[in-house]
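Read the structure below first, then the notes.
What you see is a predicted model; the values in this text were computed from it and never measured. We use all heavy atoms of the structure for the numbers below, so side chains are in, but hydrogens, waters and symmetry mates are not.
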Amino acid sequence: METEKRIISILVKNQPGVLSRISGLFSRRGYNIDSLSVCATEDDRYSRMTITVTGTKATVKQIISQVEKQEDVEKVLDFDEYAVVFRELLLIKVNVKSSERSQIVDLCEIFKAKAIDICEETMILELTGSTQKIDAFIKILIPYTIIEMARTGGAALERG
Amino acid sequence: MRINGAEILMNCLIEQGVDTIFGYPGASVLAVYDTLLDFPVRHILTAHEQGACFAAEGYSRASGKVGVVLTTSGPGATNLVTGIADAYMDSIPLVAITGNVSLDNLGHDCFQEIDIFGMTLPIVKYSYIVKSAKELAHTVREAFRIAQSGRKGPVLIDIPTNIFNEISEYELIAPEPILPKLIDTTDLVKIATLINSSERPLIYAGGGVIASGATEQVKALSTKISAHVAVSFMGIGAVPSSFKNYIGVASNRTTAPTTALKECDLLICLGTRFNSRTESNNKLLTKRKLPIVHIDIDNAEIDKNIPTTRAIVGDVILAIEELLPRLNGNANEEWLARDFGEKPIKNRAVDILNSLSKKVDKQTIIVTDVGLHQLWTALTYPVETPRSFLTSGGLGVMGFGLGAAIGAALASGKRVILVTGDGSFNMNLNELATAVKNKLGIMILVMNNSSLGMIRQIQQENFSRRYSQSTLYLKTDYVAFAKSFGADAYSIEQSDDIDKILDMALRHKTPVVIDCKIPINDK
Ligand SMILES: Cc1ncc(C[n+]2csc(CCOP(=O)(O)OP(=O)(O)O)c2C)c(N)n1
Ligand SMILES: [Mg+2]
């Protein structure tokens with residue numbers, strides 16, 4: 001069956017255990033999470049969980065209704081990728097000899113990434129963007145030996 | 001008024017109309033047990049916390065009220081897990097209150113400290129760790145509301161022991177009535193059209209009909225549109241078995257509902273979730289591409305196990321009341337006259353149940369344990385009223401019976417019949433002491449087939465009769481055992497004994513155990 005990628009934005013009450021309650025729901029019902037992030041909102045009674053999942057239409061519908069019925073859930077928004085602005089943040093440390101630095105700077109230019117730490121042999125780069133853009137950037141850096149990286153889940157807001 | 005946490009807790013229970021709680025003391029809840037002495041709440045001390053939890057569930061299943069169970073931290077709390085899971089699976093409103101170590105000790109792996117909140121996350125509707133006496137009253141009120149509203153279920157309140165001694169402000173607040181709701185009626189008109197154009201409708205009623213109290217509405221719907229009515233295990237009693245359009249319990253063993261499913265042209269499902277026990281019927285449904293209407297209080301049940309054509313999310317009573325005036329009322333005598341010809345189950349246990357059903361009141365509550373005896377009772381006993389057939393449907397937990405029967409007897413004040421097996425009875429027979437102590441009119445039929453019959457049957461059919469760990473042949477003398485606990489007891493050794501022994505046993509108004517010898521190969 002055809003699967004699709006959905007971004008589900010869940011506004012939850014800041015109650016003890018709310019994160020385990022929601023993320024536990026995903027694991028025990030066998031839903032695959034591609035990414036999950038939690039952040040504060042403008043109202044400190046609530047947090048926002050942004051979860052991207054891949055599943056069939058029926059699975060996504062089931063996920064949403066299971067989430068909606070949780071006592072701590074205030075609101076669930078289900079976005080396809082076009083209706084929202086969606087961003088991830090990437091920090092990546094690569095092995096770069098001084099001779100290669102300019103190549104990296106060019107790449108950063110193209111991707112609108114920033115070099116935020118430069119040492120003799122390494123550089124740390126920062127990039128925000130869509131999942132695809134970040135995937136593409138990482139792929140391009142592979143030949144330079146990636147030492148380590150940290151990547152956030154997504155943050156999403158509805159357009160308009 | 002300013003009172004301590006233990007008093008706030010007791011006052012809140014009284015507010016909610018709680019008259020009976022089940023529990024077991026331990027260090028962390030001793031302040032509550034002390035306060036209990038001054039409040040008009042009956043506390044039933046069981047032999048084991050699992051028994052207390054099943055009793056609270058039985059109390060709720062029989063009465064429709066919230067069951068309340070109270071235990072200490074650590075082992076007291078972990079002993080509740082199976083009962084909470086059972087309440088979760090069968091959508092039973094339950095409030096489980098556990099003590100815990102004091103707030104400043106939480107997280108230090110103290111003596112009898114267990115993260116019961118974390119441990120029960122997947123099996124509760126909601127749960128709390130109370131952080132101050134100030135929030136206690138609000139928490140208890142909200143817990144009762146959550147347990148009873150929408151799709152009902154268990155709520156856990158974990159209370160660190162210091163909260164019971166902390167003083168805070170308390171004012172009585174009478175609970176707001178919980179009103180049934182219609183949540184999504186978008187499909188209402190389309191459903192009316194589907195029903196109006198159906199010639200052979202079949203209603204399939206589940207536990208939701210009992211939870212909603214919709215018996216009269218389901219009968220009215222069935223009568224108006226000429227629909228046969230089948231029920232799920234949890235739906236037994238949703239309509240009386242003597243109702244003219246009733247055709248029985250859908251299961252892998254009964255044939256009438258399955259035949260009706262093959263012949264109907266519309267299936268109307270009320271408060272049911274198509275669980276896997278009726279898998280062959282579910283497969284049939286998917287294959288037939290039959291139009292299916294689903295009415296359920298829980299939106300997450302729509303399309304979860306079986307894709308449906310149209311649905312209403314909301315209370316069954318309200319949904320049917322919205323539908324009825326939109327229905328033409330197609331009389332189809334021919335469809336209603338169709339006799340699906342159930343093949344009767346014949347064995348000694350069923351003979352005993354038949355004989356018993358003629359001797360006792362039609363409203364008598366029947367409780368079962370889990371195994372073949374459960375199937376035999378569910379599929380043959382003529383249940384006439386909702387909340388008079390209690391069984392562990394979703395979890396299927398052996399040992400449920402005696403605790404649940406104790407709760408049901410206390411809720412109803414009437415005789416309760418427990419049909420159990422030699423395996424299931426052995427799991428929690430300690431609670432016979434509780435039944436005797438409280439002089440409860442529980443008649444216990446131990447369908448003693450010297451085996452874990454259901455397991456043995458599966459091994460016979462699927463494992464080439466290699467009976468591994470399913471044959472019991474215990475040397476237990478159930479009559480002597482029961483008497484030693486202060487109960488009366490008899491045994492039925494052969495079919496000729498049935499009438500005589502049942503008559504003698506029915507004279508007792510206190511616990512009576514009947515050891516019913518059942519041939520090991522009875523199916
Ligand atoms: C707590 C628990 N453990 C194991 C099982 C698996 N199980 C289902 S039925 C059954 C046998 C029940 O034996 P008994 O109570 O004697 O009933 P019978 O089938 O013989 O009538 C078992 C072991 C279960 N349902 N519950
Ligand atoms: Mg047995």
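Heavy-atom neighbours of A/K112 NZ from other residues, nucleotides or ligands within 6.0 Å: at or below the threshold of 12. Remark: A/K69 NZ is packed, more than 12 non-hydrogen atoms of other residues, nucleotides or ligands lying under 6.0 Å away. Heavy atoms of other residues, nucleotides or ligands lying less than 6.0 angstrom from CG of A/D44 number 12 at most.
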Please determine whether side-chain contact (heavy atoms from CB on, under 4.5 Å) holds for the pair A/E71 and B/E142, giving the CA-CA distance in whole Å, both sets of side-chain angles, and the decisive distance to 0.1 Å. CA-CA 11 Å; A/E71 292 296 327; B/E142 201 176 69; over 6 Å; no

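In terms of modelled atom types and a separation under 3.5 Å, the side chain of A/R21 and the main chain of B/S127 share a donor-acceptor contact.
With contacts defined as side-chain heavy-atom distances shorter than 4.5 Å, the pair B/N299/A/S65 qualifies. Using a 4.5 Å cut-off on side-chain heavy atoms (C-beta onward), B/K304 and A/Q66 make contact.
For the atom pair CG of A/L25 and CG of B/L121, the computed distance is 11.0 Å after rounding to the nearest 0.5 Å. One finds the CD atom of A/Q62 at 8.0 Å from the CG atom of B/N305 (value rounded to the nearest 0.5 Å).
Minimum heavy-atom separation, B/I302 to A/K61: O-NZ, 3.4 Å.
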